[in-house]
Amino acid sequence: MSKSLTKREEDYSKWYNELVVKADLAENSAVRGCMVIKPYGYAIWEKMQAELDRMFKETGHQNAYFPLFVPKSLFEAEEKNAEGFAKECAVVTHYRLQNDPDNPGKLRVDPEAKLEEELVVRPTSEAIIWSTYKGWIQSYRDLPLLINQWANVVRWEMRTRLFLRTSEFLWQEGHTAHATKSEAIAEARQMQQVYATFAEEFMAMPVIKGVKSDSERFAGAEDTYTIEALMQDGKALQAGTSHFLGQNFAQAFDVKFTNKEGKQEYVWATSWGVSTRLIGGLIMTHSDDFGLVLPPKLAPIQVVFVPIYKGEDQLLLLSEKIQTYVQAFKKLGISVKYDDRDTLRPGAKFAEYELKGVPVRIAMGSRDLENNTVEVARRDTLSKESISQDNLVEYVSDLLEKIQVNLFDSALQFRNNHITLVNSFDEFKDVIENKGGFVAAHWDGTEETEEKIKELTKATIRCIPNDAIEEAGNCVFTGKPSSKRVLFAKAY
RNA sequence: CGGGAUGUAGCGCAGUCUGGUAGCGUACACGGCUGGGGGUCGUGUGGUCGCAGGUUCAAAUCCUGUCAUCCCGACCA
């Protein structure tokens, strides 16, 4: 393993890949396009899960679990959804292997064990869930039905990247059923807000809330609400989506309820999800050339102690002192690690925790014992200072909050500096090509224009922002009238 | 699927052109000196050279086939 990472400026993509592997978050597996999430990376996911799960429950949702497999006949019921995903589905056709008579010691698929009906490995669970909901919903009294599931899904991507796009990934998917259109829309918008709050408060990743254009909308949805984040290399990342599904799935799966007037109606639906892709976004929002930078609220280890000593006697003295602080931090719910390994020198440990993004590092040596001091280093600014031990716990507790805020503020400033208003197509191309980030431009609202712009610049409409200002303007490409600006960017 | 490249120790690589005892760095194990930013010295473990076949006295090296992976495209909520 080489000692330093590729610099972001040299090759951003290479930097990202190296960082994920060296920080011990994940690695490529024996299965093409699928990753192994290692304990440190999984710990971040668990922290994300815990918070999101809490937020879902607070907004009235319950968890359940549905099957991995979807019979093809169910999968194809909602046409647009099926069509949208058909190209990237893994399909189970057989249920048994047998010894291969031509190749001793090898197995082959038993040709006799062909399934009557193929099973699609879920790329998303609307189909299996809505076929189930049919049996759960009869009356308006059964509504709203507010369910979330934590699961894995498979999408056979041509090209994969750790966390950002893998063939199998972990996510949560909420699937709700409502009596009215307005209630369903409110639900979809509420979840968009939940995602935005999570991204900003916990990931310290600023996002823009908006709605997708027709061509970027989820297959089978009436509207897709999105949160869009901006990465350090100027590319946008779709960080979460919440869909208003109208009555499309209710019709496809014949899910009706009896309303208060005794009349049958189709239910209104939403679905919403975020995935392990968020970890990719987290990395590309904050990390630097020294490694990962984690916001304290999601860091598996928030504080690490590194002892500096000569000989075992000194280590014993230091350990005793450090253990009292470790206990004090734990009482406050701060996750702390004491690294007393004798196999590495302090400098190597410093580098390791920088690579792994631990927000606060505390070094304590014999000199500190004499002076009642410690050296506190923060990962976000890479600054260090020597402070008195007297207020260590309070100091670090405050510092963690400061780091969380600072990471968000820095990311917000970067993001805001990379939203550029343009009024001509030359300007548009120049900004996309040279500056990157979001370009706020007028658009005539047609798919043709969107497609042409994509061909020419590789930029797509990331969203029509919720807070877009109504203003008369002309499409940056066709010159046709437009009432508000939309955001374009190159995207992951 | 089109174009390019690569498979040799856990990881990163040299050796292949010109066939002749399997190498280096790192990691790992043990010991000494060390210890406030990636230490040092010594000893040691670890490889059917992707797989199959062929040529040869002899193949990591040459030939044929095959599999896999990576990169650039196409694809992608």
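Each chain gets a letter, A, B and so on, in the order its sequence line appears, and its residues count up from 1.
- Remark: Lys356(A) is positioned above the aromatic ring of Tyr40(A), its terminal NZ or CZ atom under 6.0 angstrom from the ring centre and at most 45 degrees off the axis.
- Asp24(A) places its CG atom 14 Å from the C1' atom of rG10(B), with the value rounded to the nearest Å.
- With hydrogens and angles ignored, the 3.5 Å screen pairs no side-chain donor or acceptor of Asn371(A) with any backbone N or O of Asp368(A).
- For Glu352(A) and rG37(B), a side-chain-to-base donor-acceptor distance below 3.5 Å is absent, hydrogens and geometry of angles not being considered.
- Judged by distance alone, the side chain of Asn17(A) and the main-chain N or O of Val20(A) form no donor-acceptor pair under 3.5 Å.
- Distance alone, capped at 3.5 Å, is enough to place a donor-acceptor pair between the Gln192(A) side chain and the Thr226(A) backbone.
- Residue Arg165(A) contributes atom CZ, which lies 9 Å from atom C1' of rC75(B) at whole-angstrom precision.
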Query raised in the report: For every nucleotide of nucleotides 31-36 of chain B, 5' to 3': is a protein heavy atom under 4.0 Å from its base (B), only from its sugar-phosphate (S), or from neither (-)?
Result: ---BBB
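- Both the sub-6.0 Å distance and the 45° axial angle are not jointly satisfied by Arg277(A) relative to the ring of Trp45(A).
- Computed from coordinates, the Arg161(A) CZ to rC76(B) P distance equals 18 Å when rounded to whole Å.
- Met158(A) places its CE atom 9 Å from the P atom of rC1(B), with the value rounded to the nearest Å.
- With hydrogens and angles disregarded, no donor-acceptor distance shorter than 3.5 Å links the side chain of Thr160(A) to the backbone of Ser167(A).
- Nearer the 5' end of RNA chain B, as judged by each residue's closest nucleotide, is the contact made by Val31(A), out of Gly84(A) and Val31(A).
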